[in-house]
Amino acid sequence: MNNQAQTNQFQEQLQSCRKSVEASFHDYLPSELEEPHRLHQAINYSLSAGGKRIRPVLLMAVANSLSSRLDCLPACVAVECLHTYSLIHDDLPAMDNSDLRRGKPTCHCQFDEATAILAGDALLTLAFDLLAREYSHSPTTGLQLVQELAVASGSTQLVGGQMMDLENTGRQPTVKQLENINRRKTGALFAASTAMGAIVAEADKEICAHFRHFGATLGAAFQVVDDILDSTQNQEVLGKTAGLDQTNEKITFVSLEGLEAARNRAHKLTNDAHSLLDNLPGDQFFLNHLIEHLLERTH
Ligand code: GRG
């Protein structure tokens, strides 16, 4: 297969993964007809507002590469619920104070602050409800999935990373400190997504750990690219407020090391992710293309 044919095949697979995740939302989440309507409207608004669906796509790609016997879709939806909660709360006035997300007004702008907080809370809880409910026929797998997501989203990882990010506002962290914040704030959910793909596929602990490491490395690359895009793209392309890091006095790899060094860092981490994938079992055609796609993305 030539390069163009491979790219086309990857793009088709990517669209198909996204579509199946989005089509599953209504299977697993409360409808807007359910009370309280305003809360469920806010949840559905933020979830269906778009988004690249990278974390569920990663989970599905790993599960598929290991020929999972169990359905990975509930876990994919759970990860996207958790991610969407983090975005809703991250956009709040007390956090990043952002009014645009996924090309639309943020949840608190479209509804109100209290509703946005509750929509985030509900999505966070729904993620674990979904895992417990949909994998009850395979309790060991269900428990491992709950543990993986709980650790990644808790006070030492996702929420902890956000706290450290806020504490460093207006300060100049070292490269090591910034790597540490990013590992928690962004890397942890990427790592959980790839590990959860391996857990759904009932892979042994060593394989799960290797996929977790791969996800963490990819998450680190993703955050550097995010920093680069925040400083170089406009809000129409990004679908979210551009230049927010500078406005909020957030130190990024771009402000710390400069654009060129940040680009080199993203390339190095991307190469590391490819190398980690070389040592993993399964057909990695899709994941190898996804790594490049994430490096070359424009939003
Ligand atoms: C508990 C009050 C409270 C707040 C927690 C956990 C949290 C707030 C924030 C998480 C930190 C965060 C948002 C990190 C940024 C990670 C990141 C680069 C998000 C953007 O991800 P994309 O580009 O978004 O995949 P889409 O919209 O495409 O899904």
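In each ligand, atom 1 is the first atom listed, and ligand 1 is the first ligand listed.
- Among all protein heavy atoms, the one lying closest to atom 3 (C) of ligand 1 is H89 ND1, 3.4 Å.
- Every atom of ligand 1 is numbered from 1 in the order shown, and the set under 4.0 Å from a heavy atom of M95 is 2 (C), 3 (C), 4 (C).
- In this structure, a donor-acceptor pair under 3.5 Å is absent between the side chains of N288 and E292.
- For ligand 1, the atoms sitting less than 4.0 Å from at least one non-hydrogen atom of D90 are 13 (C), numbered in the order shown with element in parentheses.
- Each ring pair (Phe, Tyr, Trp, His ring centres under 6.0 Å) pair with one or both residues in residues 99-147, not counting sequence neighbours, appears once here: Y45-F111.
- Connection of L189 to M196 is established within a shared hydrophobic cluster, with ILVMFWY side chains joined at heavy-atom distances below 4.5 Å, either directly or through further cluster members.
- Cation-pi check for R297 over F222 is met; the charged atom lies under 6.0 angstrom from the ring centroid and within 45 degrees of its normal.
- When heavy-atom distances to ligand 1 are checked against a 4.0 Å cut-off, K52 comes that close through both its backbone and its side chain.
- Among all non-hydrogen protein atoms, the one lying nearest atom 24 (O) of ligand 1 is H83 NE2, 3.5 Å.
- Using a 3.5 Å distance cut-off with no hydrogens or angles, the side chains of D227 and Q223 do pair a donor with an acceptor.
- Q162 OE1, 3.2 Å is the protein heavy atom nearest to atom 11 (C) of ligand 1.
- Scanning the protein heavy atoms around atom 12 (C) of ligand 1, the nearest turns out to be K185 CG, 4.0 Å.
- Closest to atom 17 (C) of ligand 1 among all protein heavy atoms lies R55 NH2, 4.0 Å.
- For atom 15 (C) of ligand 1, the nearest protein heavy atom (residue, atom name, distance) is T186 OG1, 4.0 Å.
- In this pair, F214 and F211 present their aromatic rings perpendicular. The plane angle is above 60°, beyond the 30 to 60° band.
- S24 and D27 share no side-chain donor-acceptor pair at under 3.5 Å.
- Atom 10 (C) of ligand 1 has its nearest heavy-atom neighbour, among S86, S153, G50, in S86.
- On a distance-only criterion, R102 and ligand 1 share at least one N/O pair closer than 3.5 Å.
- Below 4.0 Å from some heavy atom of Q223 lie the following atoms of ligand 1, by number and element: 18 (C).
- Atoms of ligand 1 lying under 4.0 Å from at least one heavy atom of L158, given by number and element, are 6 (C), 10 (C).
- Looking at ligand 1, you won't find any N or O of Y85 less than 3.5 Å from one of its N or O atoms.
- Of the listed residues (D226, D90, D99, D91), just one forms a salt bridge (Lys or Arg N to Asp or Glu O under 4.0 Å) with K240, and that residue is D226.
- Among D96, D245, T169, the single residue meeting the side chain to side chain donor-acceptor pair (under 3.5 Å) criterion with K250 is D96.
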